[in-house]
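Just follow the structure's listing: the first ligand is 1, and inside any ligand the first atom is 1.
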Amino acid sequence: MELLERLADRFPQSPDRVRLKAALLYAGVRYDQSLAEAADWAFPNYMPYMLPPGEPAFRGQRKVNLPYLVRGADDTQVRLRVKPDSPFSIRPDDSALGFGLFYGPDDRHLTSLTFEPRLPWVDALTADGTSMRSTGLSQHGDMLVLNVAPGCEYFVVPEGEKTRNLSCSFCLYGLPDKRMDALGQKLYEVGLPAATVKRVVEACGHPETAATQLYLVGGSMLDMRKEGARYLQIAEALQSQGLHERYYVAAGSGALHRDDMLRLKDAGVRGACFNMEVWDAAQFARVCPGKDKVVGRERWIQSLEEAVEVFGPDNVMTAFVGGVELDGEGAMADPREALESNIEAAEYFIPRGVQTIYSLHWKVTGKNRGEEPVYSLELLLELNERLAAIRKREGRLINPAFFSRRSAYMQLEPDYDEDPTA
Ligand code: SF4
């Protein structure tokens, strides 16, 4: 049976558009030159694509830019992946959107689509001549992601004369590196340079971001109170420009102290997302040694529950890395055990007003490193069907002001909860 037909048979409770998105996340699309042409105006993937042998060069180049995000006719958003053996391809059609998604051995036209465009703010400069793209701001559809302190202190926990690496096992992006120099972030220091904050706030204030959500993130600090103070500096700067009214501002920090949550709320922050990454206690200690030793699992959970009291039950989430329990030394051996652990997390959190969000974990070691998720497509859909059923049973759907179909480019939760035809 072909891929989509197999999924329809196995997951009749999932809407067609969700099964299609999940299939595209896994199977990707075959390369077509029109994708490289679309990168002239679409928001580009940060990683260029190497054309495989046999594929003619594009404008004399074998390394080409491709669009980052597909935007469906019903506004479903999916990260674009290119895989040579995919049953899908994207190429121009005669629709108003400009492109069609074709599928299967008979190359059937499934739907029309386009790509998320490169918006004007990306090429604009701040008053001091800095490219807005270099201010620590990025975008996925509805959501701007603000990260002006990318270096994570869990990578360099002081221990005597040396430092110890207690970073999360899947994480590469928090590694302290030269991004910190450009932004002026200093390890173990709360304050960020005023110029850095001013520039990113200016970029957020660009009139053509077309975003409604502003998600504040950064590397973790070893002191929860210091981390709270750092987020407050940013939130107050946004508030001073009235941007807390234009955007739904959320703190995607580590677990915070309740007093700092209250201060953030006063500074216009409406939501919190303290990512637990993995639920099972033994796996939490293995996968997230920094979070486990510095904050502690119980304290992390308590902080999420306090966040519900401060921000309200529609305004708190925690993200998990789906399948990370199954990767590396000391991993769970059985994918179903991982799935049931994920469901246990949802059964704990959702009734308490905390939404659980699952991103796919792409293998970081071994032969298929970075190419294939650890969870199978079937497991991801089963997990999401069950999560959606829990949210429905509890009367707690994902708040689209916080996290919407047009910001979920690698996750499925809002796709289950929002009805695009409503
Ligand atoms: S807390 Fe973990 S996931 Fe977050 S930046 Fe640090 S190492 Fe990476």
Side-chain angles (χ1 to χ4, degrees), residues 46 136-138 140 145-159 163-183 185-190 192 215-231 234 250-257 260 272-301 303-304 307 317-328 330-331 342 345 356-365 369-370 373-374 410-411:
Y46 55 91
L137 202 61
S138 58
H140 316 132
V145 179
L146 185 160
N147 186 357
V148 282
C152 175
E153 294 176 2
Y154 292 164
F155 281 84
V156 280
V157 180
E159 206 175 59
T163 60
R164 191 166 164 211
N165 183 353
L166 294 181
S167 63
C168 304
S169 63
F170 55 86
C171 179
L172 298 174
Y173 49 81
L175 184 71
D177 60 14
K178 60 180 185 324
R179 291 169 302 165
M180 289 172 51
D181 302 337
L183 295 161
Q185 181 198 352
K186 297 256 185 314
L187 286 172
Y188 322 116
E189 274 183 29
V190 173
L192 295 161
Y215 188 59
L216 315 182
V217 294
S220 285
M221 299 194 75
L222 294 174
D223 179 332
M224 275 168 84
R225 299 306 304 264
K226 284 188 177 174
E227 191 164 333
R230 178 182 278 172
Y231 277 76
I234 300 165
S253 57
L256 297 179
H257 193 283
D260 294 318
C273 185
F274 309 149
N275 297 338
M276 264 201 85
E277 322 290 5
V278 60
W279 171 249
D280 177 84
Q283 294 298 326
F284 184 77
R286 179 183 75 90
V287 173
C288 303
K291 294 187 184 203
D292 190 56
K293 291 201 169 58
V294 175
V295 179
R297 181 172 180 270
E298 292 309 314
R299 181 70 185 92
W300 203 281
I301 294 169
S303 177
L304 282 163
M317 305 197 301
T318 182
F320 291 89
V321 186
V324 77
E325 303 90 343
L326 297 163
D327 192 27
N342 296 166
T356 58
I357 305 292
Y358 282 82
S359 303
L360 285 172
H361 173 53
W362 304 79
K363 246 182 150 16
V364 287
T365 52
R369 180 174 52 199
V374 174
M410 292 272 283
Q411 305 87 359

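- Here CE of Met221 is found 12.0 Å from OG of Ser253. Values are rounded to the nearest 0.5 Å.
- For Glu298, the salt bridge (charged side-chain N to carboxylate O under 4.0 Å, His left out) test picks out no residue, with sequence neighbours left out.
- When distances from atom 4 (Fe) of ligand 1 to the protein are checked, no heavy atom turns up under 4.0 Å.
- The contact set between ligand 1 and Tyr154, taken as ligand atoms under 4.0 Å from a residue heavy atom, comprises 1 (S).
- Atom 8 (Fe) of ligand 1 has an N, O or S atom of Cys171 under 2.8 Å away, backbone or side chain.
- Distance alone, capped at 3.5 Å, is enough to place a donor-acceptor pair between the Arg297 side chain and the Trp279 backbone.
- For ligand 1, the atoms closer than 4.0 angstrom to any heavy atom of Ser167 are 7 (S).
- Within ligand 1, counting atoms from 1 as listed, the ones closer than 4.0 Å to a heavy atom of Cys152 are 1 (S), 5 (S), 6 (Fe), 7 (S).
- At least one heavy atom of Lys291 sits closer than 4.0 Å to an atom of ligand 1.
- For atom 2 (Fe) of ligand 1, the nearest non-hydrogen atom of the protein is Cys168 SG, 2.3 Å.
- Below 30°, between 30° and 60°, or above 60°: for His361 and Phe170 the angle between ring planes is above 60°, a perpendicular geometry.
- The Ser220 neighbourhood of ligand 1 comprises atoms 1 (S), with distances under 4.0 Å to a heavy atom of that residue.
- In summary, the atoms of ligand 1 found under 4.0 Å from a heavy atom of Tyr173, numbered by their order in the structure, are 3 (S).
- Distance check, rounded to the nearest 0.5 Å: NE2 of His257 to CE of Met224 gives 7.0 Å.
- For the atom pair CG of Asn275 and OG1 of Thr356, the computed distance is 11.5 Å after rounding to the nearest 0.5 Å.
- The distance from atom CG of Leu222 to atom CD of Glu153, rounded to the nearest 0.5 Å, is 4.5 Å.
- Within ligand 1, the atoms closer than 4.0 Å to a non-hydrogen atom of Phe155 are 7 (S), numbered from 1 in the order shown.
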